[in-house]
Amino acid sequence: MSLALPALLGLIVGLTLGALGGGGSILTVPMLVYVLGEPVSVATTGSLIIVGVAALFGWLPRLRSGQVLLGRGVTFGVLGILGALLGAHLSAAVPPEILMLSFASVMLVVAGLMWRRAGHPEVAGHEPVLMISWRPFRCDCPRVLKLIVTASGVGVLTGFLGVGGGFAVVPALVMVLGLTMPEAVATSLVVITINSATALFARLALVESEPLDWWLIGTFTLAAGLGGVIGGRVASRLPSSQLSKGFAVMLVLVATYSIAHTALTT
C-alpha cells in the first residue's frame with residue numbers, strides 16, 4: 001500500500017485535533033478501518049499512538065501562549081489512568097461489530113456536542129475555586145467527586161474505543177475546573193496525551209492484540225503530528241463555530257456509514 005493515503009488521512013486528523021481539541025481525534029478509527037482496511041482491534045490500538053502524538057504536538061507549541069494549564073491537565077489525566085486501563089481490558093472482550101456500533105453511537109453524541117458548542121463558541125468558565133484547602137482544612141467534596149468520576153469516565157472511553165475523549169474533557173474542564181473555552185481546548189490535549197499513553201500501555205503490555213503495521217501507523221502518526229501543529233495555528237484564525245458545525249456534520253455522515261456497514265456485514 002502506498003503511504004501517501006495514510007499521510008493524507010493523518011494530516012486531516014491532526015488538523016481537526018489541533019483546531020478543535022475535543023472530538024478532533026474521533027475520525028482516526030473509522031479511517032483506519034474503512035479507508036485503510038485495518039482490523040478493528042489493530043485500529044483501536046494504533047489510534048492511541050496517532051492521537052497521543054498528535055495531541056502532544058498540538059499542546060507543546062501553545063505553552064508560551066498561556067492557554068495550556070499544564071498542572072490542571074496533568075491532574076485530570078492522572079485521575080483517568082485507572083479508567084483507561086479498565087477500558088483497554090474491556091475492549092478485548094467485545095466483538096468487533098459491537099465495538100464499531102458503540103463507536104458510531106459515540107460519534108453521534110460528539111456531533112451533537114460539537115454542534116451545541118458551535119452556538120456558544122466564546123463561553124467562558126467561571127472563576128476557578130480551590131477544591132481542597134489545608135489552612136483551615138476545607139474540601140469542596142461534590143466538585144472533587146465530580147472531577148474524579150468525569151476523569152475516570154473519559155479514561156474508560158479512551159481505553160475502550162481508542163479515542164482521545166477530548167469532547168468530554170473540554171466541557172469538564174470548563175464546568176469543574178473553571179477554565180475558559182480557549183484554555184479548555186488547549187489543556188484537553190494534555191489530558192488526551194496522558195490517557196492515550198496509558199491505554200496504549202495497557203493494550204501492548206497487558207492485552208493480546210494483532211501486530212501493528214508500523215509503517216502505516218508511523219506515517220499516519222507523523223502526518224497527524226504535523227497536522228496538530230498546523231491545526232493549532234488555524235484555530236486562532238478561523239471562526240470556531242463554523243469549524244465545529246462542519247465537523248459535526250462530517251461525524252454524522254461517518255457514523256451513519258459505520259452503522260450501515262456493520263449492519264450489512266453481520
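Residue numbers start at 1 and run along the sequence shown.
- Separating the CG atom in L3 from the CZ atom in F220 is a distance of 12.0 Å, to the nearest 0.5 Å.
- Hydrophobic clustering (ILVMFWY, side-chain heavy atoms < 4.5 Å, transitive): I259 and L253 are in distinct clusters.
- Summarising the geometry, atom CG belonging to L27 is positioned 12.0 Å from atom CD1 belonging to I50; distances are rounded to the nearest 0.5 Å.
- Looking only at side-chain heavy atoms (C-beta outward), W214 and I49 come within less than 4.5 Å of each other.
- The minimum heavy-atom distance between T187 and L69, with the atom names listed, is OG1-N, 3.1 Å.
- The minimum heavy-atom distance linking A88 with A202 is given by the pair CB-CB, 3.6 Å.
- Annotation: side chain to side chain donor-acceptor pair (under 3.5 Å) contacts of T221 (sequence neighbours excluded): none.
- Evaluation of the side chain to side chain donor-acceptor pair (under 3.5 Å) rule for S91 yields R203 as partners, not counting sequence neighbours.
- With hydrophobic clusters built from ILVMFWY side chains whose heavy atoms lie under 4.5 angstrom apart, V33 shares a cluster with L5.
- The ring-ring contact (aromatic ring centres under 6.0 Å, His included) pairs that include a residue from residues 47-78 number zero, where partners must be two or more places apart or lie in different chains.
- With a 4.5 Å cut-off on side-chain heavy atoms, F160 and T44 do not count as touching.
- With sequence neighbours excluded, the residues satisfying side-chain contact (heavy atoms from CB on, under 4.5 Å) with A55 are L17, L189, I192, T193.
- Here the closest non-hydrogen pair linking L36 and P6 is CD2-CG, 4.1 Å.
- Side-chain heavy atoms closer than 4.5 Å link hydrophobic residues (I, L, V, M, F, W, Y) into clusters, and following such links, possibly through other members, connects V29 to Y34.
- The nearest pair of heavy atoms linking V51 to S196 is CG1-OG, 3.8 Å.
- Considering every non-hydrogen atom in both A224 and A54, the closest pair reads O-CB, 3.7 Å.
- Minimum interatomic distance between V254 and P30 (heavy atoms only, all atoms of both residues): CG1-CB, 3.7 Å.
- The structure places CG of L222 at 11.5 Å from CD1 of I217, a figure rounded to the nearest 0.5 Å.
- Shown here are the side-chain contact (heavy atoms from CB on, under 4.5 Å) partners of P96, two or more places apart in sequence or in another chain: V40.
- Residues L32 and L216 have side chains in contact (heavy-atom distance under 4.5 Å, counting atoms from C-beta outward).
- A 4.5 Å side-chain heavy-atom check between E38 and D213 finds at least one atom pair inside the cut-off.
- Taking CG from N195 and CG from L200, the interatomic distance works out to 12.5 Å, rounded to the nearest 0.5 Å.
- The same ILVMFWY cluster, assembled from side-chain heavy atoms under 4.5 Å apart, contains both V94 and L157.
- In this structure, CD1 on I12 lies 11.0 Å from OG1 on T28, to the nearest 0.5 angstrom.
- Side-chain contact between V252 and T256: present, with at least one pair of heavy atoms (C-beta onward) separated by less than 4.5 Å.
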Between side-chain atoms of residues 100-114 and protein atoms elsewhere (two or more places apart, or another chain), which donor-acceptor pairs fall under 3.5 Å?
from, atom 1, to, atom 2, distance (Å)
S102, OG, I98, O, 2.9
S105, OG, L101, O, 3.0

